[in-house]
Participant: 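Structure below; questions to follow.
Heads up: numbering here begins at 1 and tracks the sequence.
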Amino acid sequence: MFRVEAACSDGLHIKSINWLTILSDKIIERLGGRQVLEAKLGSSCPVFDFNGGVIVQARDEP
């Protein structure tokens, strides 16, 4: 089992990555914006919106 504690995050840094990775709007902005992020990830990693950021899915299945 593996657990990540993100409660102390400043919202400006990626704490960990996984099959589903949550990125805040602040992080997306620092990466150049959503369009840049999607272009670099390509079609195999869909990006889904939520209030305050996005969820990046790494491929079709974990």
Participant: Can you give me the closest heavy-atom contact between Ala58 and Cys45, atom names plus distance?
Facilitator: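 Nearest pair, atom of Ala58 first, then Cys45: CA-SG, 4.0 Å.
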Participant: I need the Ile28 CD1 to Asp49 CG distance, nearest 0.5 Å.
Facilitator: 8.0 Å
Participant: If you take all heavy atoms of Phe50 and Leu23, which pair is closest and at what distance?
Facilitator: CE2-O, 4.2 Å
Participant: CD/Glu38 to CG/Leu31 distance, rounded to the nearest 0.5 angstrom?
Facilitator: 12.5 Å
Participant: Are Leu41 and Val36 grouped together when hydrophobic residues (ILVMFWY) are joined by side-chain heavy atoms under 4.5 angstrom apart?
Facilitator: no
Participant: Using only atom types and a distance under 3.5 Å, with no angle test, would you say the side chain of Arg34 pairs donor to acceptor with the backbone of Val47?
Facilitator: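 Checking the backbone N and O of Val47 against the side chain of Arg34, a donor-acceptor pair under 3.5 Å is found.
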